[in-house]
Amino acid sequence: MKKLIAAIAVTTSIMASCQSDSKKYTTVDSTIMSDQQADYKEPDECFSYNDKNGGGSASLRIYGTGYNKVLGKITYTLSGKDKNDGEFTGITKGDTIIVNYKFKSEGVYSNRQVAWLRQGDQLLEGYGDIYEVNNSVKFKDISKLTFGKSIIFDKVECKE
């Protein structure tokens with residue numbers, strides 16, 4: 001299995017390097033989920049967001065790995081924006097989850113920090129000032145994030 005994943009990663013890298021486009025590309029580590037998720041066949045929690053005004057939807061699956069660490073998958077399908085989906089790893093600090101989200105949108109791989117505040121059976125996505133470093137978008141100050149003004153995920157039953 002690890003050889004197959006390595007072969008896919010090498011093939012993807014070669015294909016990306018053959019692009020004549022001048023856009024910057026980052027690569028997603030294809031082992032992020034496969035190695036870590038081996039013991040986590042079923043997600044611990046699943047969440048869904050559906051904009052009642054037709055603004056789109058999103059889904060979130062979280063696998064707890066212990067020691068305040070998490071990993072999971074997200075899919076965003078928001079009105080007026082390109083669909084993106086990918087995987088994340090991160091940590092929990094009290095009622096806040098902070099992750100590094102690696103995703104693909106319109107054929108381009110990207111990396112950005114995402115944060116959620118847990119309130120009961122909801123996760124409120126955080127927003128704030130950002131900056132870019134090493135092709136990754138990060139929050140300038142996590143303690144100054146605003147939660148609950150946009151995407152609010154509701155806990156749902158996990159389905160495969």
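Keep in mind that what you see is a predicted model, and the values were worked out from it rather than measured. Note that the numbering runs from 1 along the sequence shown for the chain.
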side-chain contact (heavy atoms from CB on, under 4.5 Å) filter on Y131, not counting sequence neighbours, yields V133, K138, K140

Heavy-atom donor-acceptor pair, D44 side chain to G64 backbone, under 3.5 Å
yes

Find out if a path of hydrophobic residues (ILVMFWY) with successive side-chain heavy-atom gaps under 4.5 Å connects L123 to V114.
yes

Verify, without hydrogens or angle tests, whether T96 (side chain) and L117 (backbone) share a donor-acceptor contact under 3.5 angstrom.
no

Would you say the ring centroid of W116 lies under 6.0 angstrom from that of Y49?
no

Using the rule that Ile, Leu, Val, Met, Phe, Trp and Tyr join whenever any side-chain heavy atoms are under 4.5 Å apart, tell me whether L124 and F47 fall into a single cluster.
no

If you round to the nearest 0.5 Å, how far is CG of D82 from OG of S110?
10.0 Å

Spacing of N111 atom CG and N100 atom CG [to the nearest 0.5 Å]:
4.0 Å

Considering all heavy atoms of both residues, which atom of S79 and which atom of G54 are nearest to each other, and what is their separation?
CB-O, 3.8 Å

What distance do K144 atom NZ and F139 atom CZ have between them, rounded to the nearest 0.5 Å?
14.5 Å

Taking salt bridge (Lys or Arg N to Asp or Glu O under 4.0 Å) as the cut-off, I'd like each qualifying pair that reaches into residues 107-126, sequence neighbours left out, listed once.
E45-R118

Look up atom CZ in F103 and atom CG in N84, then write down how far apart they are to the nearest 0.5 Å.
5.0 Å

Listed partners of Q122 passing side-chain hydrogen bond (donor to acceptor under 3.5 Å, both in side chains), at least two apart
D154

Can you get from Y127 to F88 by hopping between Ile, Leu, Val, Met, Phe, Trp and Tyr side chains that sit under 4.5 Å apart?
yes

Those residues at least two apart in sequence (or on a different chain) that pass side-chain contact (heavy atoms from CB on, under 4.5 Å) with D85 are T75

Under the side-chain contact (heavy atoms from CB on, under 4.5 Å) rule, collect the residues that match up with K93, sequence neighbours excluded.
I91, I98

Test of understanding: clusters of I, L, V, M, F, W, Y form through side-chain heavy atoms closer than 4.5 Å, transitively. Do L60 and I151 belong to the same one?
yes

Please tell me whether Y101 and F147 are part of a single hydrophobic cluster in this structure, the criterion being side-chain heavy atoms less than 4.5 Å apart.
no

Minimum-distance pair of heavy atoms, taken over all atoms of R61 and C46:
NH1-SG, 3.8 Å

What distance do I130 atom CD1 and D141 atom CG have between them, rounded to the nearest 0.5 Å?
14.0 Å

Applying side-chain contact (heavy atoms from CB on, under 4.5 Å), can you list everything that pairs with N50, at least two apart in sequence or on another chain?
S48, S57

Distance from N134 atom CG to E132 atom CD, nearest 0.5 Å?
9.0 Å

